[in-house]
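Notes to accompany the following structure.
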Amino acid sequence: MYVYNEVRVFTGDDLLSPTTVTVADGLITAVGEPPPPGADVVEGRGRTLLPGLIDAHAHVVDGDLEQAAAFGVTTVLDMMADPVRIAAVRETTTSPQVADLRTAGTAATVPGGYGWYLVEMGLLPPFPLFSDPDTAGTFLDERLAEGSDYLKILLDDGSTVGMPTRNMGDAQLHALVAAARDRKVRTVAHALTAATARQAAAAGVDVLGHLFVDEPDPELPAELAARGITVIPTLSVLGELFGRRRAGAMAADPRVSPYLRERPRAMLTMDAVPLGEDARHDVEVAWRTLGELRAAGVEILAGSDAANPGTAHGVSLHVELRQLVEAGLTPAEALTAATAAPARRFGLTDRGRIAPGLRADLLLVDGDPTADIDHTLDIAGVWRGGRRVERLPRTC
């Protein structure tokens with residue numbers, strides 16, 4: 001048993017004045033009560049205790065969950081993966097030194113559709129494609145049998161990157177969403193254009209996995225709010241892909257650099273991905289749209305889309321938090337987007353907040369990140385399930 005003493009607490013929704021938080025057997029047992037006799041004390045003066053961060057949009061391979069945990073990300077929501085490989089990675093999550101994991105597994109795309117390029121590049125083995133609306137239930141049941149926790153649906157015509165692909169039709173999309181709703185499975189749609197975002201909204205998906213970057217749609221935020229659709233903006237990866245690059249500076253930060261392994265460092269600092277000559281995008285649309293979403297009351301989740309070029313697990317969620325604040329969220333709203341909000345949206349009822357009875361997935365930082373979001377990287381300690389993550393500087 002141990003107690004965080006005189007620590008400022010961000011519960012996931014609210015900021016508490018300095019108080020005590022007691023942890024025993026991997027759970028938070030008390031908030032604001034006198035320290036139990038004999039408890040080990042973690043000094044909290046001048047610090048803030050947060051729920052462990054949740055990256056609501058990422059792609060995971062071996063080693064990524066350990067890298068995430070080193071930066072206070074204690075849960076990662078994978079949004080597309082080879083089900084065999086991700087199952088093996090998931091077996092490692094019994095260790096407190098790695099982040100916990102949920103996964104979409106195989107995503108839904110049509111023949112010739114977005115995502116198949118990953119097979120052509122050798123990054124994924126061939127996976128089942130979806131075409132017949134009448135087989136939507138069977139397709140989803142097969143994904144659930146493989147271990148998928150939610151359904152990722154790929155909507156994209158390739159126009160933003162200048163690489164045309166076939167987009168999924170409305171009949172197919174509506175059939176998948178209906179099948180998921182019948183089975184109480186959450187749906188997440190990849191959409192980078194205003195047209196595909198509106199297509200996803202009309203079908204009633206639960207979550208938009210990106211913000212669109214081609215043209216404004218001032219009416220869509222109100223529609224998303226009315227339908228209760230959540231958005232994961234992934235500004236960090238959109239910036240790296242479409243011209244607002246920040247990752248290089250983050251890699252040089254002395255709070256980051258010592259804890260980066262070779263592969264994440266290479267991903268974070270690699271050159272921009274070349275786009276097709278006909279690419280049609282305006283990344284500023286995403287930043288402006290986020291402010292409109294906030295004003296409309298749309299729920300926002302923080303996701304990094306690591307490990308895409310210009311991103312690294314753990315690190316890029318901190319980049320995302322800064323970008324969310326830059327685009328109009330308050331620091332506290334950004335922190336909720338990385339803690340309580342994704343836990344609620346994805347049914348992770350045992351985490352995402354600091355309250356008695358919940359998992360002791362915790363991040364302790366120096367300073368007050370609700371006043372200055374930059375303090376999320378002033379990490380004093382990370383705990384997963386009440387056990388401390390060993391943050392050792394890495395050279396490989």
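What's counted below: heavy atoms across the whole structure, side chains too, no hydrogens, waters or symmetry copies.
Remark: His190 NE2 to Thr234 OG1 distance equals 9.0 Å, nearest 0.5 Å. Of the inter-residue distances, the one linking Asp62 atom CG with Asp64 atom CG reads 8.0 Å to the nearest 0.5 angstrom. Atom OG1 of residue Thr160 and atom CD of residue Glu215 lie 12.0 Å apart, to the nearest 0.5 angstrom. Atom CG of Asp40 sits about 9.5 Å away from atom OH of Tyr2, to the nearest 0.5 Å. Summarising the geometry, atom CZ belonging to Arg351 is positioned 12.0 Å from atom CD1 belonging to Ile28; distances are rounded to the nearest 0.5 Å. Taking CE of Met79 as the reference point, atom NZ of Lys152 lies at 6.5 Å (rounded to 0.5 Å).
At least one donor-acceptor pair under 3.5 Å links the side chain of Asp55 to the backbone N or O of Ser304. A donor-acceptor pair is defined here as one N or O able to donate and one able to accept, closer than 3.5 Å; such a pair exists between the side chain of Thr336 and the backbone of Gly12. In this structure, Arg265 contributes its side chain and Ser257 its backbone to a donor-acceptor pair below 3.5 Å. No donor-acceptor pair closer than 3.5 Å links the side chain of Arg387 to the backbone N or O of Trp383. Side-chain N or O atoms of Asp350 include none that pairs as donor or acceptor with a backbone N or O of Leu358 at under 3.5 Å. When atom types are taken as modelled, the side chain of Thr187 and the backbone of Asp206 share a donor-acceptor pair closer than 3.5 angstrom. Under a 3.5 Å cut-off, the side chain of Asp82 and the backbone N or O of Arg85 do form a donor-acceptor pair. Although no hydrogens or angles enter the test, the distance criterion places no donor-acceptor pair under 3.5 Å between the side chain of Asp214 and the main chain of Ser159. Within the 3.5 Å criterion, the main-chain N or O of Tyr259 finds a donor-acceptor partner in the side chain of Gln67. Counting only distance, with no hydrogens or angles, the side chain of Gln97 and the backbone of Glu390 share a donor-acceptor pair below 3.5 Å.
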side-chain hydrogen bond (donor to acceptor under 3.5 Å, both in side chains) evaluation trace for Thr11 with Asp13: CA-CA 5 Å; Thr11 65; Asp13 293 299; 5.0 Å; no
Salt bridge (Lys or Arg N to Asp or Glu O under 4.0 Å) assessment of Asp141 paired with Arg183: CA-CA 9 Å; Asp141 289 340; Arg183 291 157 177 77; 2.6 Å; yes
Worked verdict on Glu284 versus Arg244 for salt bridge (Lys or Arg N to Asp or Glu O under 4.0 Å): CA-CA 9 Å; Glu284 300 304 322; Arg244 265 184 174 244; 2.8 Å; yes
Leu176/Gln172 under side-chain contact (heavy atoms from CB on, under 4.5 Å): CA gap, chis, key distance, verdict: CA-CA 6 Å; Leu176 285 171; Gln172 296 156 316; 5.6 Å; no
Working for side-chain contact (heavy atoms from CB on, under 4.5 Å), residues Arg45 and Asn5: CA-CA 7 Å; Arg45 291 182 180 87; Asn5 185 50; 3.7 Å; yes
Pair Arg255-Asp374, salt bridge (Lys or Arg N to Asp or Glu O under 4.0 Å): steps then yes or no: CA-CA 11 Å; Arg255 299 170 296 177; Asp374 186 65; 3.0 Å; yes
side-chain contact (heavy atoms from CB on, under 4.5 Å) between Val188 and Ile153, worked out: CA-CA 6 Å; Val188 182; Ile153 304 172; over 6 Å; no
Stepwise side-chain contact (heavy atoms from CB on, under 4.5 Å) check, Phe10 with Leu16: CA-CA 6 Å; Phe10 180 73; Leu16 306 181; over 6 Å; no
Intermediate values then yes/no, salt bridge (Lys or Arg N to Asp or Glu O under 4.0 Å), Arg294 and Glu292: CA-CA 5 Å; Arg294 178 180 183 270; Glu292 296 169 357; over 6 Å; no
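By the 6.0 Å contact criterion, CZ on Arg353 is open, its count of non-hydrogen atoms from other residues, nucleotides or ligands being 12 or less. No more than 12 heavy atoms of other residues, nucleotides or ligands shown are found within 6.0 angstrom of CD on Glu219. Atom CZ of Arg227 has more than 12 heavy atoms from other residues, nucleotides or ligands within 6.0 Å.
Between the side chains of Asn167 and Gln199, at least one donor N or O sits under 3.5 Å from an acceptor N or O. Judged by distance alone, the side chains of Arg359 and Thr74 never bring a donor and an acceptor atom under 3.5 Å apart. A donor-acceptor contact under 3.5 angstrom links the side chains of Thr196 and Thr193, judged on distance only. Donor-acceptor pairing under 3.5 Å is recorded for the side chains of Arg345 and Thr230.
Between Pro125 and Val119 there is no side-chain heavy-atom pair separated by less than 4.5 Å. Using a 4.5 Å heavy-atom threshold, the side chains of Thr48 and Thr370 count as separate. Using a 4.5 Å heavy-atom cutoff, the side chains of Glu33 and Thr19 are not in contact. Put simply, the side chain of Tyr114 does not reach to within 4.5 Å of the side chain of Leu155, judged on heavy atoms. The closest side-chain heavy-atom distance from Val61 to Val89 is not below 4.5 Å. Looking only at side-chain heavy atoms (C-beta outward), Thr29 and Val23 stay at 4.5 Å or farther from each other. Looking at Leu329 and Leu290, their side chains come closer than 4.5 Å, going by heavy atoms from C-beta outward. Contact annotation: the side chain of Leu317 never approaches that of Phe71 to less than 4.5 Å [non-hydrogen atoms, C-beta and beyond].
Across every non-hydrogen atom of Pro331 and Pro369, the tightest pair is CB-O, 3.3 Å. The minimum heavy-atom distance linking Phe127 with Leu124 is given by the pair CE2-CD1, 4.2 Å. The two residues Ala312 and Ala306 come nearest to each other via the heavy atoms C-CB, 3.8 Å.
For the side-chain hydrogen bond (donor to acceptor under 3.5 Å, both in side chains) with His59, the lone residue among Asp305, Thr311, Asn308 that qualifies is Asp305. Checking each of Glu326, Glu240, Glu320 against Arg246 for a salt bridge (charged side-chain N to carboxylate O under 4.0 Å, His left out) leaves exactly one that passes, namely Glu326.
Geometrically, Arg143 engages Phe139 in a cation-pi contact defined by less than 6.0 Å to the ring centre and at most 45° from the axis. In this structure, Arg102 fails the cation-pi test against Tyr150, since its NZ or CZ atom is not both closer than 6.0 Å to the six-membered ring centre and inside 45 degrees of the ring normal.
Leu235 and Leu335 are assigned to two separate hydrophobic clusters, defined by single-linkage of ILVMFWY side chains at heavy-atom distances under 4.5 Å. In this structure, Ile54 is a member of the same hydrophobic cluster as Ile232, with clusters built from ILVMFWY side-chain heavy atoms closer than 4.5 Å. Linking ILVMFWY residues whenever their side-chain heavy atoms come closer than 4.5 Å, directly or via other members, leaves Val231 and Val207 in distinct clusters. Met267 and Val319 fall into different hydrophobic clusters, where Ile, Leu, Val, Met, Phe, Trp and Tyr are joined by side-chain heavy atoms under 4.5 Å apart, directly or via other members. Residues Val389 and Leu65 fall within the same hydrophobic cluster, defined by Ile, Leu, Val, Met, Phe, Trp and Tyr side chains chained together at heavy-atom separations under 4.5 Å.
With salt bridges taken as basic N to acidic carboxylate O contacts below 4.0 Å, one links Asp149 and Arg90.
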